[in-house]
Amino acid sequence: MGQKSAQKLIEAIEKSKSKPWSRVLYGLGIRHVGSSIAQTVTEKFDSVEKLATAKVTDIEAIYGIGVEIAESTHKWFRVEANQTLIERLKNTGLQFVEAQPAASSNISKKLEGKTFVVTGTLPSLSRDEAKELIQKFAGKVSNSISKNTDYLVVGENAGSKLTKAEKLGIAQLSEEQLLEMVKQ
DNA sequence: TCGCCTCGAGTTCA
DNA sequence: CTCGAGGCGA
């Protein structure tokens, strides 16, 4: 690896230290805890300390979390090696507390109560950006089409989700229409 | 038990 | 992207 790649690697590692607590929790590799569950958990436990000292029943009380995930998580924090790992990561500056989103009280909840699925390549937004946008306006983003889905945001080269959505008669949106929906 | 969902791993493609 | 395994809530 040459100078340039090495420099970029250093910078990327440095950048990773500012990733949110939810992402860090996911990164710990607790069984059954992926990105989605990690997000859910951090909404109720805004710091590692709170999660680490929570009882199984406290974790299980979260909607969407049952015994398996609660016990798996609780157990992980009882392992000594994991506790020292957390200490080390804290010392290197990772985020173990939920960062307060900049006073966004003025943001409307235009998409509240609606469930979206995004498929294909959108013209200007990346899939992640589209998901963030939907969540910002209080919409729910899922990854699989079901009859609970309200809208499928369709881009170029959509796959089987489009077929399934058609079969279920789910409303489709272009990126443009999505943006229109959240316009002030 | 059922339907919905997430996890996690493999695949495809630019 | 796809899909099977398996967890969750009703």
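Quick note on labels: first sequence line is chain A, next is B, and so on, each numbered from 1.
Under a 3.5 Å cut-off, the side chain of A:Ser126 and the backbone N or O of A:Glu129 do form a donor-acceptor pair.
As rounded to whole Å, 11 Å separates atom P of C:dT2 from atom NZ of A:Lys164. What separates CG of A:Asn143 from P of B:dG3 is a distance of 21 Å, to the nearest Å. Atom pair A:His32:NE2 and C:dG6:P shows a separation of 10 Å (rounding to whole Å applied).
Regarding contacts with the backbone of B:dT6, every side-chain N or O of A:Ser144 stays at 4.0 angstrom or more from both OP1 and OP2. Phosphate proximity of C:dC1 to A:Arg127: present, with a side-chain N or O under 4.0 Å from OP1 or OP2.
For A:Ser146, whose side chain is taken as the heavy atoms from C-beta onward, the closest listed nucleotide among C:dC1, B:dC5, B:dC7 is B:dC5. Of the candidate nucleotides C:dG9, C:dG7, B:dC5, C:dG7 has the atom nearest to the side chain of A:Ile69. Among the nucleotides B:dG3, B:dC5, B:dC7, the one closest to the side chain of A:Lys147 is B:dG3. Side-chain atoms of A:Lys161 lie closest to C:dC1 of the nucleotides C:dC1, C:dC8, B:dT6. With distances taken from any side-chain atom of A:Thr119 to the nucleotides C:dC1, B:dC7, B:dC5, the minimum falls on C:dC1. Checking C:dC8, B:dT6, C:dG9 against every side-chain atom of A:Tyr63, the shortest atom distance belongs to C:dG9.
Tested against A:Gln7 for a side chain to side chain donor-acceptor pair (under 3.5 Å), the candidates A:Glu11, A:Gln3, A:Lys4 yield a single pass: A:Glu11.
A:Ile145 comes within contact range of no nucleotide atom at all, as no heavy-atom separation falls under 4.0 Å.
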